[in-house]
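From a predicted model like this one, the values you see are computed outputs, not experimental measurements. Only this structure's heavy atoms are used, side chains among them; waters, hydrogens and symmetry mates stay out.
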Amino acid sequence: MTQEMKALVCATPGQIALETRPVPARGPGEVLIRIRRAGICGTDFNIFAGHHPFLAYPRLIGHELSGTVEDAPEGSRFVPGQIVAIIPYIACGTCHACQNDKPNCCMNIAVLGVHKDGGMCEWLAVPEINVQSVDGLTLDQAATVEFLAIGAHAVRRAGAIAGRKVLVVGAGPIGLATALMASIAGAKVTLGDLDSDRLSLAAATIPLDATLVADQSFAASAQAATNGAGYDAVFDATGNRTSMERGFALVAHGGTYVFAGLIKDDITFSDPEFHKREITLMASRNATAEDFAHVITSIRTGLVPVGALLTHRTSLDDAAQNLSHWASHRTGLIKALIEIA
């Protein structure tokens, strides 16, 4: 193994390039992974644009990762050459959240590619607890598990939704992941977005009951579609304050509203409307090993159209140029994948 590797680093907003860095040494309890695939996420585009609230530059980006085991601790459940996915949320294991089985919102969390350097590189060492077995999945499939797990976690946060009317607002990757996992959970899923072309692409890719264009008549259309009752669960995956605030009016009395997206701004809403509907308001952050396992099973059983979700590809050498281009030209883009080796 060489002593240096290529790494995709965002130095400042709008500036991203390949750098040469030392190959990380495997620490005690860590597994050294040869990274083979890295998905480009909305988070990566936000980092490139300077919109992420939890990040300091420069940052080696990337957290949707699959690869093969190079070296593991003695007695590890992993063996060299094994295909794995990476759970990119490094939790402390000792804080209040971790002690209550919520490592996804650890008080000291370090997310790869956000709080600490990530995996758009050739080698990565991570704690063994953050390595996920994906037996039977390909490298491509394994690289989609993380973003789908974000959707799976949001759906699990909403509770029992089988047979319920669900609205997902935002047809980006996280919105599509949420809509797909809600459909797998048995919900009747409507997807809303400003872009009618994205809605058409989504409807051709994942199972949906309906789509709605999120224009000036969005609220009226949503009310008409539910006979004025609203949706039992609404998920907002836009990362847009206006959309997140307007979503309260789309939730049924007794319904649940889940923020799957994240923004820097404050959110305001009408307390009388919130109270009279007895809305349950939830944040959804990251995912857990349970969500990863659910997604892996769903892929294995053919419920996830991975081939259709992976619309764009690039190499590590070309990734900086392509990511910069795709940040402002996303027509037809669902998920872009970097093939590293």
Can you tell me which residue pairs pass the side chain to side chain donor-acceptor pair (under 3.5 Å) test with a partner in residues 71-83, sequence neighbours excluded?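 Pairs touching residues 71-83 that pass the test: Arg26-Asp71, Ser76-Glu128.
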When you measure from the side chain of [X] to the backbone of [Y], do you find a donor-acceptor pair of N or O atoms at a distance under 3.5 Å?
X      : Y      : result
Ser243 : Gly239 : no
Asp236 : Thr238 : yes
Ser183 : Ala179 : no
Ser298 : Leu303 : no
Asn130 : Ile87  : yes
Lys335 : Ile40  : yes

Would you say [X] and [Y] are hydrophobically clustered, going by side-chain heavy atoms of ILVMFWY under 4.5 Å?
X      : Y      : answer
Leu194 : Ile174 : no
Val169 : Met181 : no
Ile161 : Leu167 : no
Leu262 : Met244 : no
Leu309 : Ile150 : yes

For the [atom1] atom of [X] and the [atom2] atom of [Y], what is their distance to the nearest 0.5 Å?
X      : Y      : atom1 : atom2 : value
His63  : Leu124 : NE2   : CG    : 13.0 Å
Cys41  : Phe147 : SG    : CZ    : 9.0 Å
His153 : Phe292 : NE2   : CZ    : 11.0 Å
Glu70  : Arg34  : CD    : CZ    : 8.0 Å
Ser315 : Ile338 : OG    : CD1   : 8.5 Å
Arg313 : Asp318 : CZ    : CG    : 14.5 Å

Using a strict cut-off of less than 4.0 Å between a Lys/Arg side-chain nitrogen and an Asp/Glu carboxylate oxygen, indicate whether [X] and [Y] qualify as a salt bridge.
X      : Y      : answer
Asp317 : Lys6   : yes
Arg37  : Glu64  : no
Asp291 : Arg157 : no
Glu4   : Arg21  : no

Among Gln15, Glu19, Met120, exactly one meets side-chain contact (heavy atoms from CB on, under 4.5 Å) together with Val9. Which residue is that?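 Result for side-chain contact (heavy atoms from CB on, under 4.5 Å) with Val9: Glu19.
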Under the side-chain contact (heavy atoms from CB on, under 4.5 Å) test against Phe235, which residue among Val189, Val258, Thr256, Leu191 passes?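 For Phe235, the side-chain contact (heavy atoms from CB on, under 4.5 Å) check succeeds only for Val258.
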For [X] against [Y], the heavy-atom pair lying closest together:
X      : Y      : answer
Ala202 : Leu176 : CB-CD2, 3.4 Å
Ala219 : Leu250 : CA-CD2, 3.9 Å
Leu337 : Ala143 : CD1-CB, 3.7 Å
Cys98  : Pro103 : SG-CA, 4.1 Å
Ile47  : Gly113 : CD1-O, 3.3 Å
Ala171 : Asp193 : N-OD2, 2.7 Å

Do other residues, nucleotides or ligands put more than 12 heavy atoms under 6.0 Å from [X] [atom1]?
X      : atom1 : value
Asp101 : CG    : no
Arg164 : CZ    : no
Ile263 : CD1   : yes

Do we get Arg246 above Phe269's six-membered ring, with its NZ or CZ under 6.0 Å from the centre and within 45° of the axis?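 Arg246 over Phe269 ring: no.
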Full working for side-chain hydrogen bond (donor to acceptor under 3.5 Å, both in side chains) between Thr94 and Gln99: CA-CA 6 Å; Thr94 59; Gln99 290 300 305; over 6 Å; no
May I ask you to test the [X]-[Y] pair for a side-chain heavy-atom distance under 4.5 Å?
X      : Y      : answer
Pro13  : Tyr57  : yes
Pro127 : Ile90  : yes
Cys121 : Met5   : yes
Leu208 : Leu199 : no
Phe218 : Val213 : no
Val145 : Ile299 : yes

Applying side-chain hydrogen bond (donor to acceptor under 3.5 Å, both in side chains) to Gln223 and Tyr231, what does each step give before you reach the verdict? CA-CA 9 Å; Gln223 290 298 317; Tyr231 291 89; over 6 Å; no
Go through the steps to decide whether Thr138 and Asp140 satisfy the test side-chain hydrogen bond (donor to acceptor under 3.5 Å, both in side chains), and finish with yes or no. CA-CA 5 Å; Thr138 66; Asp140 282 5; 5.4 Å; no
Verdict with supporting geometry, Val69 and Val79, side-chain contact (heavy atoms from CB on, under 4.5 Å): CA-CA 6 Å; Val69 174; Val79 297; over 6 Å; no
Between Thr331 and Arg198: side-chain donor-acceptor atoms closer than 3.5 Å: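 Result is no, nothing qualifies.
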Worked verdict on Ser324 versus Gln321 for side-chain hydrogen bond (donor to acceptor under 3.5 Å, both in side chains): CA-CA 5 Å; Ser324 177; Gln321 179 180 349; over 6 Å; no
For the pair His325 and His329, name the ring-plane relationship: parallel under 30°, tilted 30 to 60°, perpendicular over 60°.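 Judged by the thresholds at 30° and 60°, the geometry between His325 and His329 is parallel.
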Should His115 and Ile109 be marked as a side-chain contact (heavy atoms from CB on, under 4.5 Å) after you check the CA-CA gap, both sets of side-chain angles, and the distance that decides it? CA-CA 8 Å; His115 305 95; Ile109 200 165; 4.0 Å; yes
Using the rule given for side-chain contact (heavy atoms from CB on, under 4.5 Å), can you reason through Phe45 versus Trp326, listing the C-alpha separation, both sets of side-chain angles and the distance that settles it, and then say yes or no? CA-CA 9 Å; Phe45 289 124; Trp326 291 330; 3.9 Å; yes
Working note: Glu245 + Ile267, criterion side-chain contact (heavy atoms from CB on, under 4.5 Å); need CA distance, chi angles, decisive distance, verdict. CA-CA 7 Å; Glu245 290 178 344; Ile267 298 294; 4.0 Å; yes
